[in-house]
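Contents: one structure, followed by commentary.
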Amino acid sequence: MRGTAVDEARPTPADPAADDPGAGSAYAEAVVDLGAIARNTAVLAEHAGSAALMAVVKADGFGHGALPVARTALAHGASWLGVTSTAEALRLREAGIDAPMLSWMHLPGEDFTPALRAEVDLAVPSLAHLAGLAASAERAGLPAAVHLKVDTGLHRGGASPADWPLLVEAARTFERQGLLRVRGLWSHLVHADRPDHPGTDEQIRAFEAAVALAHRAGLRPDLLHLANSGAGLASPRTRYDLVRAGIGLYGVEPVHGQQYGLRPAMTLRARAIMARRVPAGEGVSYGHEYTTGRPTGLLLVPVGFADGVPRAAGGRARMWVAGDRRPVAGRIAMDQCVVDSGDAAVAIGEEVVVFGPGDRGEPTAADWADWAATNPHEILTGVGPRVPRRYLPAPAGRIDEEDSVRD
Ligand SMILES: *Cc1c(COP(=O)(O)O)cnc(C)c1O
């Protein structure tokens, strides 16, 4: 299994890209700075105020490795974990993580026994899911802890306001029968990246109406939750009891036009496996969409779209080579791409940074997202399974938010 070995034996410098590019034997690697995850967690926890913080580690921790991210976040201010499936939840439990955990995507007819045994809370978005879960709980003889989800406008998951009264009544009935306990009520926001968007107020009103109905049905949930990273940082009224933070943990600023001092945790880097000089007028890569304008250097970089370097970014993308942002020359292929290194003195083995925190001027995942017309989430989760992850350890103690905000 990839992405789980935290390399703590070998001391590593704080700047992942500053160490020896020859440190690993891999052509390419994703270096995950757990210190950044720790600081980002502290920032998010501080802004969550009295609400608890859930570290969302779905999709293998947004590509960073669910287990090391979970351990780091739990040590630095998160108290819950969020995943999308029972399979993701069980992998964390098997690795010894016993923190409260919510999993939110299921088929109604699943056998929930493994999740119930592992004490994983389950999201319930419909009557069918509720009935399936109650049946599993009865068979297993284990009561389920559920978080009923109401759709307040995203129209992606959750019970519609029309179905909600029936869902809460049925949940209360199952609760009385001892088959489950409703621990949470929750929903998900549409415009969390725009704190002044009026849609959020509408969703808050819809959510609170749903909560009132649940109370009238006799439910007494401990946890109301609505906010993701962006809302947790910028929309205090959405925080309630728990903030579900994903992208912010990984260091991508989630609120349009605002900086909270979050630091990108992942650096994707490779080593050039060829370096050559070519004359002016040479076409490069499939279809010759790039032509050298003058005599220049070309570096062959052993990462391509199978590694998460988006093909759609070809023509705009840049990589960091010898202290400069250099253009990716022509189409990005499955396993490789070419960088025009200009007149820089570079050789085989030269470090090429695809993206990183941006400190030195290297592109960030957000830059790649712009070039590929997508979001940073897709860039981070797209880093392929054959790219080994290497971990820079987080500091042992708790980080105060004041220390974490760099100026
Ligand atoms: C992914 C996800 C989150 C985390 O959102 P971010 O914007 O990444 O912080 C929270 N809640 C749900 C339901 C999600 O699917």
Side-chain angles (χ1 to χ4, degrees), residues 32-84 92 97 99-102 104 147 184 186-189 191-195 200 223-266 357-358 364-366 375-377 380-381 392 394-395 397-407:
V32 177
D33 178 4
L34 295 175
I37 304 265
R39 279 190 298 278
N40 298 337
T41 306
V43 170
L44 289 156
E46 173 71 21
H47 281 85
S50 59
L53 186 70
M54 173 188 286
V56 177
V57 296
K58 62 190 182 186
D60 201 21
F62 286 47
H64 295 63
L67 185 57
V69 170
R71 287 201 172 117
T72 303
L74 290 169
H76 291 90
S79 53
W80 276 78
L81 296 174
V83 294
T84 53
L92 292 166
I97 303 269
M101 203 181 290
L102 174 65
W104 54 74
H147 297 228
W186 68 297
S187 190
H188 196 40
L189 293 168
H191 299 289
D193 55 334
R194 306 263 176 186
T200 300
L223 298 169
L224 307 181
H225 48 110
L226 183 59
N228 63 354
S229 302
L233 289 168
S235 303
R237 290 180 57 220
T238 65
R239 287 175 197 148
Y240 298 100
D241 303 306
L242 183 64
V243 170
R244 304 183 307 269
I247 196 69
L249 290 178
Y250 306 100
V252 175
E253 294 286 353
V255 181
H256 194 78
Q258 295 291 317
Q259 303 285 323
Y260 293 89
L262 302 174
R263 180 173 173 77
M266 188 191 287
T364 61
N375 63 3
H377 314 52
L380 294 173
T381 56
L392 305 182
R398 269 294 269 272
I399 295 173
D400 288 331
E401 201 249 342
E402 285 92 280
D403 303 337
S404 73
V405 179
R406 298 163 309 127
D407 40 23

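Just so we're clear, the structure is a prediction, and the values are computed from it rather than from any experiment.
- Here the closest heavy-atom approach between residue L53 and residue A245 is recorded as CD1-CB, 3.9 Å.
- R237 CZ to L226 CG: the interatomic distance, rounded to the nearest 0.5 Å, is 10.0 Å.
- For the pair I97/L74, a side-chain contact is recorded, criterion being any heavy-atom separation below 4.5 Å from C-beta on.
- Side-chain contact between I247 and L380 is present, with heavy atoms from C-beta onward closer than 4.5 Å.
- Two residues are said to be in side-chain contact when any heavy atoms from C-beta on lie closer than 4.5 Å; L92 and M101 meet this criterion.
- The two residues A48 and V243 come nearest to each other via the heavy atoms CB-CG2, 4.0 Å.
- Nearest heavy-atom pair, T72 versus A394, reported as atom, atom and distance to 0.1 Å: CG2-CB, 4.0 Å.
- The aromatic rings of Y250 and F62 sit parallel, their planes meeting at an angle under 30°, below the 60° perpendicular limit.
- Considering all non-hydrogen atoms of both residues, S229 and P254 come closest at CB-CG, 3.9 Å.
- Closest approach of R263 and A36 over heavy atoms only: O-CB, 3.6 Å.
- Among residues at least two apart or in separate chains, side chain to side chain donor-acceptor pair (under 3.5 Å) pairs with a member in residues 238-249 are H188-R244, E208-Y240, H225-R244.
- Listed by chain and number, the residues in a side chain to side chain donor-acceptor pair (under 3.5 Å) with T381 amount to none (sequence neighbours excluded).
- In this structure, V56 and L249 have side chains that are not in contact, with every pair of non-hydrogen atoms separated by 4.5 Å or more.
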Show, in sequence, the C-alpha distance, side-chain angles and deciding distance for R39 and D33, and conclude whether the side chain to side chain contact (heavy atoms under 4.5 Å, CB included) test is met.
CA-CA 10 Å; R39 279 190 298 278; D33 178 4; 4.1 Å; yes

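- Contact between P376 and V252 at its shortest, heavy atoms only, is CG-CG1, 3.7 Å.
- Using a 30° and 60° split on the angle between ring planes, Y260 and H47 fall in the perpendicular class, above 60°.
- With sequence neighbours excluded, the residues forming a side chain to side chain contact (heavy atoms under 4.5 Å, CB included) with P195 are A234, S235, V255, listed by chain and number.
- Formation of a donor-acceptor pair under 3.5 Å by the E253 side chain with backbone atoms of L262 is found in this model.
- V32 has its side chain out of reach of P68: every pair of non-hydrogen atoms, C-beta onward, lies at least 4.5 Å apart.
- For the pair W186 (side chain) and H147 (backbone), a donor-acceptor distance under 3.5 Å is present.
- A search for side chain to side chain donor-acceptor pair (under 3.5 Å) contacts involving S187 returns T152, not counting sequence neighbours.
- Every side chain to side chain contact (heavy atoms under 4.5 Å, CB included) that A192 has, sequence neighbours left out, goes to L189, N228, A231.
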